[in-house]
Amino acid sequence: MTLHLYDTATRDERAFTPLTPGKVGIYLCGPTVQSAPHVGHLRSAVAFDVLQRWLERSGYQVTLVRNVTDIDDKTLAKAADAGWEWWAWALKHEREFQAAYAAVGVKPPAAEPRATGHIPEIVAIISRLIDAGHAYEKAGSVYFDVRSYADYGTLTRQALDDLSPATDSPTEDKRDPHDFALWKARKDGEPDTASWDSPWGPGRPGWHIECSAMSQRYLGDEFDIHGGGLDLRFPHHENEQAQSRAAGYGFAHLWMHSAWVTQSGAKMSKSLGNGLLVSEVLAAHEPAALRLALAAVHYRSMLEYSPSTLDEASAQWARFQSFVARASEKVGAVSSADVAAAALPDAFVEAMDDDLGVPRALAVIHETVRAGNAALTAGDDAAVASALLAARAMLDVLGLDPAAPEWAGERAGASSSAMGALDFLVKADIEARAAARAAKDWGTADAIRDRLAGAGIVIADAADGARWSLAADS
RNA sequence: GGUGGAGUGGCCGAGAGGCGAGGCAGCGGCCUGCAAAGCCGUAUACGUGGGUUCGAAUCCCAUCUCCACCUCCA
């Protein structure tokens with residue numbers, strides 16, 4: 001089986017064929033940087049990061065573009081409420097998003113274009129739409145004429161007459177209530193810095209046009225995959241597609257949408273007040289555990305988030321970490337190059353090729369780890385070595401190789417020198433405890449263990465001596 | 001009203017006609033001075049009612065419940 005992906009537009013899964021052999025262009029709708037990132041935002045980032053990693057592992061050269069929509073009605077409104085310049089407000093949140101993405105190991109995209117940096121491209125595509133008879137100017141604003149484009153609604157199977165009217169701008173200027181703004185005329189009270197010159201007078205871009213302009217600039221008239229959260233299908237993606245295709249571009253060949261994070265069945269969102277901020281979660285849990293929690297559910301299924309979600313993910317992560325650490329100690333560390341070149345188990349490949357079946361892929365990883373642990377107990381070094389290599393290679397595809405640089409030293413964010421100093425101190429206790437145990441002085445041995453446990457240091461005895469680790473966060 | 005999605009064992013979650021994915025928690029065991037970790041074992045699971053079939057969680061019909069998009073949303 002080769003890679004098959006589910007296309008939201010056609011609602012079926014089919015073999016993935018890139019436009020250019022060996023290369024894949026992906027446009028991912030990034031954040032509207034008007035507020036702090038919550039875990040739901042990270043879900044789509046992680047899902048498409050796994051897609052990128054799997055494509056790369058499959059031999060493709062991937063160009064992933066993830067935009068930043070740094071101006072829109074809400075950004076202006078929230079910045080004004082906070083007494084901030086809108087551009088400073090947007091950049092503050094853009095940085096928070098970047099930090100959150102980096103924390104959970106999302107690879108930096110090939111390009112991260114901002115809407116405000118592409119006004120000329122936006123003006124150009126709007127002009128093209130007007131020339132083609134798909135857009136019209138009214139009172140300094142420009143609207144997309146949905147009735148002029150027969151395929152409007154095909155992405156999400158919407159019939160115009162059944163839709164509620166678009167409310168992004170005053171209806172009275174529109175030919176049809178479903179028309180939406182491509183260019184918004186500057187309004188009184190809006191800051192001068194939020195306005196650009198255009199053939200239709202000063203103003204700013206509407207919400208959807210920036211993606212049409214930027215995808216075209218970085219990926220060309222036609223590209224392989226367009227991604228984003230499920231909630232962007234309508235109106236955002238529908239409108240994007242209408243604009244780009246009506247302007248004469250082939251646009252996206254395949255649409256992929258990631259589902260959201262729910263709590264008690266309800267979608268996590270800022271407006272419901274149930275958004276869990278990334279900063280809050282990372283204050284209590286390891287970033288890798290958060291990544292694992294977000295990746296563990298198939299990207300098209302809702303992810304039910306509860307207080308135990310991160311505890312479970314932490315337990316799984318500790319299991320992976322522990323196996324990789326013990327196995328590496330026993331049979332020697334594996335180099336990154338070997339991990340990248342290692343053969344992947346067939347069941348893992350089949351799962352990933354089937355529309356990124358991460359849950360099934362994870363099951364293969366768990367089976368491999370179990371076999372590896374059994375081999376450790378049995379002293380079968382050859383089996384340990386092969387399990388270690390396979391496990392790391394599979395975990396690497398998911399961005400969760402415990403021995404990879406981004407995770408290897410993450411515990412407590414400690415520098416290696418601090419960990420070295422800690423190791424020196426703890427070793428002294430371990431030696432004292434070993435002496436007590438040798439003398440069968442269990443009271444002293446247990447007291448030392450309890451004292452260390454109180455400091456978050458876990459002691460585990462083994463046949464060849466005790467080893468210590470920092471307790472998992474809770 | 002229109003469009004789409006979901007109901008699986010205590011919990012999270014795969015699967016999509018025929019040996020009960022996997023994880024977490026629990027219980028029993030091995031190991032351990034005791035633990036921890038690890039390993040082994042352990043479940044009357046598929047919203048409800050019908051139907052098709054030798055066989056249905058998977059197909060068909062009906063029905064209930066929940067969620068989402070059509071304001072901003074990953």
Side-chain angles (χ1 to χ4, degrees), chain A residues 8 11 28-32 34-35 37-48 72-75 77-78 97 153 156-168 178 207 227-236 238 257-262 264-272 275 292-294 296-298 300-306 308-309 311-316 318-319 322-323 326 347 351 354 357-367 369-378 437 440-442 445-446 449-450 453 458-463 466-467 469 471:
Chain A
T8 313
R11 288 187 303 174
L28 175 61
C29 275
T32 304
Q34 37 128 323
S35 56
H38 63 240
V39 299
H41 292 119
L42 285 190
R43 188 172 184 207
S44 69
V46 168
F48 286 95
D72 78 322
D73 293 350
K74 277 209 163 177
T75 305
K78 288 191 175 182
F97 270 91
T156 51
R157 262 157 281 277
Q158 308 283 347
L160 270 177
D161 294 328
D162 292 331
L163 283 171
S164 305
T167 55
D168 66 327
H178 302 100
W207 174 34
L230 198 54
D231 38 10
L232 294 178
R233 276 179 313 170
F234 194 92
H236 186 56
E238 187 72 65
H257 290 98
S258 58
W260 40 72
V261 179
T262 59
S264 302
K267 180 184 172 190
M268 185 180 288
S269 79
K270 209 73 202 298
S271 51
L272 286 176
L292 178 54
L294 293 174
V297 178
H298 185 91
R300 287 194 286 117
S301 296
M302 301 300 166
L303 189 166
E304 173 65 14
Y305 189 96
S306 77
S308 65
T309 301
D311 292 335
E312 287 183 22
S314 296
Q316 286 193 50
R319 179 176 157 82
S322 160
F323 169 65
R326 293 198 303 144
D354 184 9
V358 175
R360 279 189 287 148
L362 263 177
V364 179
I365 295 175
H366 273 108
E367 281 156 12
V369 168
R370 192 195 317 123
N373 276 323
L376 275 169
T377 303
R437 291 183 73 213
K440 297 201 188 302
D441 178 0
W442 309 127
D446 290 351
R449 187 169 64 194
D450 291 346
V458 180
I459 297 297
D461 295 321
R467 57 172 59 82
S469 62

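Chain naming here is simple, since letters A, B, ... match the order of the sequence lines and numbering starts at 1 in each.
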Has the side chain of Arg449(A) got a donor or acceptor atom sitting under 3.5 Å from an opposite partner on the base of A35(B)?
yes
Interatomic distance where NE2 belongs to His298(A) and P belongs to G15(B) [whole Å]:
7 Å
Can you find a side chain N or O atom of His366(A) that sits less than 4.0 Å from OP1 or OP2 on G22(B)?
no
Can you tell me the distance, in whole Å, between the NZ atom of Lys267(A) and the P atom of C69(B)?
4 Å
Could you state the atom-to-atom distance from CG of Asp311(A) to P of G13(B) in whole Å?
15 Å
Same-atom distance (P) from A36(B) to G15(B), integer angstrom:
35 Å
Among G33(B), A37(B), A14(B), find the nucleotide with the atom closest to the side chain of Pro359(A).
A14(B)
Side-chain contact check for Ala266(A): nearest option of C39(B), G13(B), A68(B) is A68(B)
For Thr32(A), all residues meeting side-chain contact (heavy atoms from CB on, under 4.5 Å), sequence neighbours excluded:
Gln34(A), Thr69(A), Asp72(A), Thr75(A), Trp207(A)
Of all the base pairs, Watson-Crick or G-U under 3.5 Å, which form stems of three or more consecutive pairs involving RNA chain B?
B:1-7 with B:64-70, B:10-12 with B:22-24, B:26-30 with B:38-42, B:47-51 with B:59-63
To the nearest angstrom, the CE-P distance between Met268(A) and C67(B) comes to 16 Å
Specify the separation, in whole Å, of atom CG of Asn373(A) and atom P of G23(B).
12 Å
side-chain contact (heavy atoms from CB on, under 4.5 Å) test vs Val46(A) passes for just one of Val39(A), Leu294(A), Val358(A), Leu292(A), namely Leu294(A)
Under 4.0 Å, heavy atoms only, any strand: does Gly265(A) hit a base, just the sugar-phosphate, or nothing?
sugar-phosphate
Ala374(A), nearest nucleotide to its side chain (from U3(B), C39(B), A14(B)):
C39(B)
Pair of N/O donor and acceptor under 3.5 Å linking G2(B) base with Asp161(A) side chain
no
Which part of the nucleic acid does Ala460(A) contact within heavy-atom distance under 4.0 Å: base, sugar-phosphate only, or nothing?
base
Between G7(B) and A16(B) - P atom distance, rounded Å
13 Å
Among A74(B), C70(B), G33(B), the nucleotide that comes nearest once only the side chain of His41(A) is considered:
A74(B)
For Leu303(A), report the nucleic acid contact type (base, sugar-phosphate, nothing); a contact means any heavy atom under 4.0 Å.
sugar-phosphate
Nearest-Å distance once atom C1' is located in both G9(B) and G33(B)
38 Å
Contact class for Arg326(A) vs. all strands (heavy atom < 4.0 Å): base, sugar-phosphate, or nothing?
sugar-phosphate
Nearest to the Gln34(A) side chain among G4(B), G33(B), C72(B), which nucleotide is it?
C72(B)
Would you say G4(B) has OP1 or OP2 under 4.0 Å from some side-chain N or O of Arg11(A)?
yes
Give me the distance, rounded to whole Å, that separates A56(B) from U71(B) when you measure between the P atoms they each carry.
45 Å
In whole Å, I'd like the distance from the CG atom of Leu294(A) to the P atom of G23(B).
20 Å
Distance, C1' atom - from U8(B) to C66(B), rounded to whole angstrom:
15 Å
Residue pair Leu28(A) / Gly228(A): nearest heavy atoms and the distance that separates them
CD1-N, 3.7 Å
Side-chain donor or acceptor of Arg319(A) under 3.5 Å from a matching atom on the base of C24(B)?
no
Step by step, would you call Asn373(A) with Arg319(A) a side-chain contact (heavy atoms from CB on, under 4.5 Å)?
CA-CA 10 Å; Asn373(A) 276 323; Arg319(A) 179 176 157 82; 4.1 Å; yes
Please check the phosphate of G5(B) (OP1 and OP2 only) for any side-chain N or O of Ser301(A) closer than 4.0 Å.
no
Is Glu312(A) side chain donor-acceptor paired with the G23(B) base, going by distance under 3.5 Å alone?
yes
If the cut-off is 4.0 Å, is Thr32(A) near the phosphate of A74(B), judged by side-chain N/O to OP1 or OP2?
yes
Let me know the distance between CZ of Arg300(A) and P of A14(B), rounded to the nearest Å.
11 Å
To the nearest 0.5 Å, tell me how far Phe323(A) CZ sits from His366(A) NE2.
12.0 Å
I want to check something: taking the side chain as every heavy atom from C-beta on, are Pro31(A) and His41(A) in contact at a cut-off of under 4.5 Å?
no
With a non-hydrogen cut-off below 4.0 angstrom, is Pro37(A) in contact with a base, only sugar-phosphate, or nothing?
nothing
Looking at Ser264(A), is its backbone amide N or carbonyl O close enough to the side chain of Glu304(A) to form a donor-acceptor pair, meaning the two atoms are under 3.5 Å apart?
yes
Whole-Å distance separating the CG atom of Asp162(A) from the C1' atom of G1(B)
8 Å
Residue pair Leu230(A), Met302(A): steps toward the side-chain contact (heavy atoms from CB on, under 4.5 Å) verdict:
CA-CA 10 Å; Leu230(A) 198 54; Met302(A) 301 300 166; 4.0 Å; yes
Contact class for Val364(A) vs. all strands (heavy atom < 4.0 Å): base, sugar-phosphate, or nothing?
nothing
Using atom types as modelled and distance alone, determine if a side-chain donor or acceptor of His178(A) lies under 3.5 Å from a backbone N or O of Leu163(A).
yes
Which is true for Gln158(A) with a 4.0 Å heavy-atom rule: it touches a base, it touches only sugar-phosphate, or it touches nothing?
base
